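What you are looking at is a predicted structure, and each value in this text was computed from that prediction instead of being measured.
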Amino acid sequence: MKFGVLVFPGSNCDRDVVYVTRDLLKQPTRMVWHEETDISDLDVIVVPGGFSYGDYLRCGAIARFSPVMKATVEHANKGKLVLGICNGFQVLTEAGLLPGALVRNRDLHFICDRVPLRVERTDLPWTQLYQAGQVITLPIAHGEGNYYADADTLAQLEDNQQVLFRYEGENPNGSLNNIAGICNIKGNVVGMMPHPERASDPMLGGTDGMKLFEGLLKVAVGAIA
């Protein structure tokens, strides 16, 4: 399974993701500059965290116009896998691949912490190695991670079981329905504010994020079989 990690001016978690997919998972991985238009060689696109284009105007608002995002939308529309982490989640909502928006945290503070999350759904490649209702711990680091959607969109998310992760216990940023991560209706596009790549190496004190990436490899093995 070949991974591509998008790189915008201002991305700062791109190499963390590459470390997980290339060095820990031993999968072919290449960094994809934001001006690229041909990503047809890739199976999974990861839109990493950071501050794309300095987060000027609004988080992800400029990045969505990058040539590589047009290719990423086409990639997603073919049913291929796309993961947005933190700023990447914001980019995916701006690009229209996921519903809703990420707005300023409830208390208007940047939060850097480890938080418990409840896994809501385990029938997708991203979450198939977790247990339903399992509580895991992942790092967060954001100032605009407060998930918002209008009432109808929120109801559709819940009715369609598109919420994959919720904050367990204290809600750190005011997200509606404690939402920490969602998917599109097909389940091939996922956005999440917590950082699974920062919880994939035992040296960092936790590996709860690794199962998200390992779940993707199970898909690849199944496809070969």
Task: Minimum heavy-atom distance between His195 and Ile85, given as atom pair plus value - done: ND1-CG2, 3.6 Å

TODO: Over all heavy atoms of both residues, which pair between Gly50 and Cys13 is shortest? Give the atoms and the distance, please.
DONE: N-SG, 4.2 Å

Task: Working for side-chain contact (heavy atoms from CB on, under 4.5 Å), residues Phe3 and Val20 - done: CA-CA 11 Å; Phe3 288 82; Val20 173; over 6 Å; no

- [ ] Look only at the side chain of Asn87 and the backbone of Ser52, and say whether a donor-acceptor pair between them is shorter than 3.5 Å.
- [x] yes

Task: Sidechain-backbone polar pair: Asp55 side chain, Phe51 backbone, donor-acceptor under 3.5 Å - done: no

- [ ] Kindly give the heavy-atom pair with the smallest separation between Thr37 and Pro67, and that separation in Å.
- [x] CG2-CB, 3.8 Å

Open item on the list: Apply side-chain contact (heavy atoms from CB on, under 4.5 Å) to residues Met193 and Gln90 and explain how you reach the verdict.
Closed with: CA-CA 9 Å; Met193 289 312 296; Gln90 296 160 343; 4.1 Å; yes

Task: Taking every non-hydrogen atom, the tightest pair across Thr153 and Pro99 - done: CG2-CB, 3.7 Å

Open item on the list: Can you give me the closest heavy-atom contact between Gly100 and Thr93, atom names plus distance?
Closed with: O-CB, 3.4 Å

Task: Residues that Tyr53 engages under ring pair (Phe, Tyr, Trp, His ring centres under 6.0 Å), provided they are two or more places apart - done: His34

Can I get a per-line list of side-chain donor-acceptor pairs under 3.5 Å for residues 173-184, giving both atom names and the distance, sequence neighbours left out?
from: Asn173; atom 1: OD1; to: Ser175; atom 2: N; distance (Å): 3.0
from: Asn173; atom 1: OD1; to: Ser175; atom 2: OG; distance (Å): 2.8
from: Asn173; atom 1: ND2; to: His142; atom 2: NE2; distance (Å): 3.0
from: Asn173; atom 1: ND2; to: Gly145; atom 2: O; distance (Å): 3.0
from: Asn173; atom 1: ND2; to: Tyr167; atom 2: OH; distance (Å): 3.2
from: Ser175; atom 1: OG; to: Gly145; atom 2: O; distance (Å): 3.1
from: Ser175; atom 1: OG; to: Tyr147; atom 2: N; distance (Å): 2.9
from: Ser175; atom 1: OG; to: Ile179; atom 2: O; distance (Å): 3.3
from: Asn177; atom 1: ND2; to: Glu158; atom 2: OE2; distance (Å): 2.8
from: Asn178; atom 1: OD1; to: Asn171; atom 2: ND2; distance (Å): 2.8
from: Asn184; atom 1: OD1; to: Gly187; atom 2: N; distance (Å): 2.8
from: Asn184; atom 1: OD1; to: Asn188; atom 2: N; distance (Å): 3.1
from: Asn184; atom 1: OD1; to: Val189; atom 2: N; distance (Å): 3.1
from: Asn184; atom 1: ND2; to: Asn188; atom 2: OD1; distance (Å): 2.9

Task: Met210 side chain reached by Leu25 side chain, heavy atoms, under 4.5 Å - done: yes

Open item on the list: Going by side chain to side chain contact (heavy atoms under 4.5 Å, CB included), Phe89 matches just one of Leu83, Val190, Leu98. Which one?
Closed with: Leu98

- [ ] Without swapping roles, check the side chain of Asp150 against the backbone of Asp152 for a donor-acceptor pair under 3.5 Å.
- [x] yes

- [ ] Count the heavy atoms belonging to other residues, nucleotides or ligands that lie under 6.0 Å from CZ of Arg114, then report whether that count exceeds 12.
- [x] yes

Open item on the list: If you define the side chain from C-beta out and look only at heavy atoms, does anything of Thr21 sit under 4.5 Å from Leu216?
Closed with: no

Task: Lys80 side-chain N/O to Asn77 backbone N/O, donor-acceptor pair under 3.5 Å - done: no

TODO: Examine Leu204 and Tyr19 and state if one hydrophobic cluster contains both, with Ile, Leu, Val, Met, Phe, Trp and Tyr joined whenever side-chain heavy atoms are less than 4.5 Å apart.
DONE: no

Open item on the list: Donor-acceptor check, side chain of Asp208 to backbone of Thr137, threshold 3.5 angstrom: yes or no?
Closed with: yes

- [ ] Determine, using the 4.5 Å side-chain heavy-atom cutoff (strictly less than), whether Val47 and Trp33 are members of one ILVMFWY cluster.
- [x] yes

Open item on the list: Let me confirm one number: the OG1-CG distance from Thr127 to Leu212, rounded to the nearest 0.5 Å.
Closed with: 8.0 Å

- [ ] Return yes when atom CZ of Phe110 has more than 12 non-hydrogen atoms of other residues, nucleotides or ligands closer than 6.0 Å, and no otherwise.
- [x] yes

Open item on the list: For residues Val91 and Tyr56: do they belong to one hydrophobic cluster (side chain heavy atoms under 4.5 Å, members Ile, Leu, Val, Met, Phe, Trp, Tyr)?
Closed with: yes

Open item on the list: Measuring from atom OH of Tyr130 to atom CD of Glu214, what distance do you get when rounded to the nearest 0.5 angstrom?
Closed with: 8.5 Å

Open item on the list: Applying salt bridge (charged side-chain N to carboxylate O under 4.0 Å, His left out) to Lys70 and Glu74, what does each step give before you reach the verdict?
Closed with: CA-CA 6 Å; Lys70 182 175 183 295; Glu74 294 170 352; 3.0 Å; yes

Open item on the list: With rounding to the nearest 0.5 angstrom, report the CD to CD1 distance, Glu144 to Ile111.
Closed with: 12.0 Å

Task: Any side-chain heavy-atom pair of Asp41 and Arg30 under 4.5 Å - done: yes

TODO: Indicate if Val135 and Leu129 have the same hydrophobic cluster label, given that clusters are the connected sets of ILVMFWY residues with side-chain heavy-atom separations under 4.5 angstrom.
DONE: no

Task: Inter-residue atom distance Met69.CE - Glu94.CD, 0.5 Å rounding - done: 10.0 Å

TODO: Quick one: do Leu164 and Met192 satisfy side-chain contact (heavy atoms from CB on, under 4.5 Å)? Show the steps, please.
DONE: CA-CA 9 Å; Leu164 298 189; Met192 58 193 298; over 6 Å; no

Open item on the list: Between Ile45 and Val68, does the side-chain contact (heavy atoms from CB on, under 4.5 Å) criterion hold? Intermediate values first, please.
Closed with: CA-CA 10 Å; Ile45 300 296; Val68 77; over 6 Å; no

Open item on the list: Testing the basics here: between Val163 and Glu120, what is the closest heavy-atom pair and its distance to 0.1 Å?
Closed with: O-CB, 3.2 Å

Task: Any side-chain heavy-atom pair of Ser66 and Phe8 under 4.5 Å - done: yes

Open item on the list: Can you tell me how far apart CG (Asp16) and OG (Ser200) are? Round to the nearest 0.5 Å.
Closed with: 10.0 Å

TODO: Could you tell me whether a side-chain N or O of Asn105 sits under 3.5 Å from a main-chain N or O of Asp107, the two making a donor and an acceptor?
DONE: no

TODO: Spell out, as yes or no, whether a donor-acceptor pair under 3.5 Å connects the side chain of Thr29 to the backbone of Gln27.
DONE: yes

Open item on the list: To the nearest 0.5 Å, what is the distance between CG on Asp201 and CG on Leu24?
Closed with: 5.5 Å

